[in-house]
Peer 1: 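One structure, as structure tokens, below. Some questions next.
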2 protein chains.
Amino acid sequence: MPRGRPRGFDREAALRQAMEVFWLRGFDNASLSELTNAMGLRPPSLYAAFGSKEALFKEAVELYVRTQGDGIWNEVPEAASAREGIARMLRATACAYTRGAEPRGCMIVLSAPQMQGTSPEVSEELRRRRAENVAVLERRLDRAVAEGEIPPETDCRSVASYFATVQHGMSIQARDGASREELLAIADCAMAGWDRLAGRTSETGAGQGEETRST
Amino acid sequence: MPRGRPRGFDREAALRQAMEVFWLRGFDNASLSELTNAMGLRPPSLYAAFGSKEALFKEAVELYVRTQGDGIWNEVPEAASAREGIARMLRATACAYTRGAEPRGCMIVLSAPQMQGTSPEVSEELRRRRAENVAVLERRLDRAVAEGEIPPETDCRSVASYFATVQHGMSIQARDGASREELLAIADCAMAGWDRLAGRTSETGAGQGEETRST
DNA sequence: CCTTATATGTAACGAACACTACAGAAATAA
DNA sequence: TTATTTCTGTAGTGTTCGTTACATATAAGG
């Protein structure tokens with residue numbers, strides 16, 4: 001169906017390799033030669049297929065969110081309770097950040113955290129996605145208020161920011177070499193304040209459950 | 001007393017300017033021309049006085065720790081209780097990260113968070129300093145156990161990692177534009193789990209105090 | 001066949017990077 | 001004074017950066 005010479009490489013596979021490089025090295029530290037090496041192609045092919053380094057990064061971020069982030073953030077709206085959703089999100093984070101090989105921590109957090117790199121577009125895109133994650137948490141907490149899981153006087157915005165902050169911090173810990181057990185322990189510590197943060201109206205039997213730290 | 005031509009600039013003032021640039025932009029993103037511009041000197045003077053970009057950065061980090069970090073971390077060993085020390089550390093963090101102008105968040109966290117920049121030395125140095133902060137927290141918690149403030153079965157290492165994680169995450173939030181009030185609310189949320197994390201043996205009347213969130 | 005359209009490899013582009021050779025300037029020591 | 005030592009400004013070094021011109025290769029449409 002296409003008119004000219006067909007592409008000689010798998011676009012999706014190449015994008016996946018680019019994602020790994022950006023994830024590991026960040027946007028600015030990832031050089032074109034490093035990217036083309038990992039992707040197995042020459043610069044003109046990269047520019048023909050993706051447009052620019054910046055555009056390639058944006059696609060890589062989308063792929064990251066689609067393939068890596070979903071397993072973490074899907075839990076929040078889908079879980080039966082806000083408490084369970086957030087606890088699962090934190091535990092899934094701990095597992096995702098210590099999965100196998102090198103790239104640990106979150107690409108959205110680590111790719112350009114100074115907000116002062118060569119591309120303001122990239123910084124802003126990542127900030128927007130981080131804010132969206134906070135919003136996901138806040139919406140779930142608002143819903144929990146509406147459903148009577150947590151009391152109406154709960155400061156949903158602050159609580160959402162708090163759990164997002166823990167999740168961001170876990171990226172640094174992961175890059176510093178924290179093990180899965182350590183990250184899981186951190187996740188459990190973060191949940192320890194739930195009753196104080198979101199009252200306790202039983203309803204879901206909030207006092208028990210398996211959220212006590214065991215390590 | 002010195003033999004040759006005297007230096008034509010204030011070394012400390014120049015180092016302070018360099019610190020600001022590294023703090024705002026990170027190690028790799030801070031270019032030599034940007035540094036020399038901010039410091040008000042030419043490259044040969046910089047290299048004569050500091051040796052290299054990497055050596056300049058290390059001195060800038062020392063200056064940062066000495067002038068910015070002390071106000072935050074001194075509280076931990078000095079406070080009467082571990083609880084008070086950690087709460088003050090988090091509140092001081094919230095204030096420090098929203099002090100006046102641009103550079104927000106922690107230089108130690110934000111300067112090279114990918115651990116994959118051009119200088120492994122720099123990454124390792126920053127990682128070491130982050131680990132030292134965790135150790136400060138853990139030592140204070142150990143002491144609190146010894147003094148009977150918190151129960152002996154407390155997992156001091158995990159609790160220390162947890163509070164360090166919150167502090168790291170606050171750097172990201174600060175760069176994303178969080179206000180002082182938001183960061184203080186996050187700090188209070190982080191402390192909400194204290195009784196669950198470190199038991200409660202009264203001793204310091206842990207149930208009351210001003211740690212309830214107000215915003 | 002020829003035309004058109006897209007992809008690829010070679011080989012570069014100008015710009016920015018960290019860094020420095022060199023000569024002159026400004027101080028002390030004799 | 002002259003010699004010595006250190007700092008400074010000019011003007012570079014070679015390298016790498018992201019990006020692209022250009023010729024060639026490979027497909028479909030006519």
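Just so we're on the same page: letters track the sequence lines, and every chain starts at 1. From a predicted model like this one, the values you see are computed outputs, not experimental measurements.
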Peer 1: With sequence neighbours excluded, what pairs up with B:Ser111 under the side chain to side chain contact (heavy atoms under 4.5 Å, CB included) test?
Peer 2: B:Phe57, B:Met107, B:Leu126
Peer 1: Indicate yes or no for a side-chain donor-acceptor contact from A:Thr93 to the backbone of A:Met89 under 3.5 Å, with no hydrogens or angles considered.
Peer 2: yes
Peer 1: Going by the side-chain hydrogen bond (donor to acceptor under 3.5 Å, both in side chains) test, which pairs reach into residues 4-19 of chain A, not counting sequence neighbours?
Peer 2: A:Arg11-A:Glu59
Peer 1: Where along residues 41-56 of chain B does a heavy atom fall under 4.0 Å from DNA chain C?
Peer 2: B:Pro43, B:Pro44, B:Tyr47, B:Lys53
Peer 1: If you look only at pairs with a residue in residues 68-93 of chain B, which of them pass as a ring pair (Phe, Tyr, Trp, His ring centres under 6.0 Å), with sequence neighbours excluded?
Peer 2: none
Peer 1: Going by the rule side chain to side chain contact (heavy atoms under 4.5 Å, CB included), which residues pair with B:Arg88 if we only count those two or more places apart in sequence or in a different chain?
Peer 2: B:Glu75, B:Glu84, B:Arg91
Peer 1: Under 6.0 Å from the six-membered ring centre of A:Phe27 and within 45° of its axis: does the NZ or CZ of A:Lys53 meet both?
Peer 2: yes
Peer 1: For residues 135-144 of chain B, pull every pair meeting side-chain hydrogen bond (donor to acceptor under 3.5 Å, both in side chains), keeping only residues two or more places apart or in separate chains.
Peer 2: B:Glu132-B:Arg139, B:Arg143-B:Glu147
Peer 1: Restricting both atoms to N or O, compile the protein contacts to nucleotides 25-27 of chain D shorter than 3.5 Å, with distance only.
Peer 2:
from   : atom 1 : to     : atom 2 : distance (Å)
D:dA25 : N3     : A:Arg5 : NH1    : 3.3
D:dT26 : O2     : A:Arg5 : N      : 3.4
D:dA27 : N3     : A:Arg3 : O      : 3.3

Peer 1: Kindly indicate, with the supporting measurements, whether the criterion side-chain contact (heavy atoms from CB on, under 4.5 Å) is fulfilled by B:Val76 and B:Phe163.
Peer 2: CA-CA 12 Å; B:Val76 175; B:Phe163 284 113; over 6 Å; no
Peer 1: Quick one, which residues of residues 26-33 of chain A touch DNA chain D with a heavy atom under 4.0 Å?
Peer 2: A:Ala30, A:Ser31, A:Leu32, A:Ser33
Peer 1: Using both pair distances under 3.5 Å as the test, note the stems of at least 3 consecutive Watson-Crick or G-U pairs that include DNA chain C.
Peer 2: C:1-30 with D:1-30
Peer 1: Tell me, please, which residues at least two apart from A:Glu124 pass salt bridge (Lys or Arg N to Asp or Glu O under 4.0 Å).
Peer 2: A:Arg127
Peer 1: Sub-3.5 Å donor-acceptor pair from the side chain of B:Thr154 to the main-chain atoms of B:Ile150, do we have one?
Peer 2: no
Peer 1: Name all residues meeting the side chain to side chain contact (heavy atoms under 4.5 Å, CB included) criterion together with B:Ser161; count only those two or more places apart in sequence or in a different chain, and write none if there are none.
Peer 2: A:Ile186, B:Val134
Peer 1: Output yes when a side-chain donor or acceptor of A:Gln116 lies under 3.5 Å from a complementary backbone atom of B:Asn29, and no otherwise.
Peer 2: no
Peer 1: To the nearest Å, give me how far apart CZ (B:Arg11) and C1' (D:dT6) are.
Peer 2: 15 Å
Peer 1: Under a 4.0 Å heavy-atom cut-off, which of residues 114-125 of chain B touch DNA chain C?
Peer 2: none
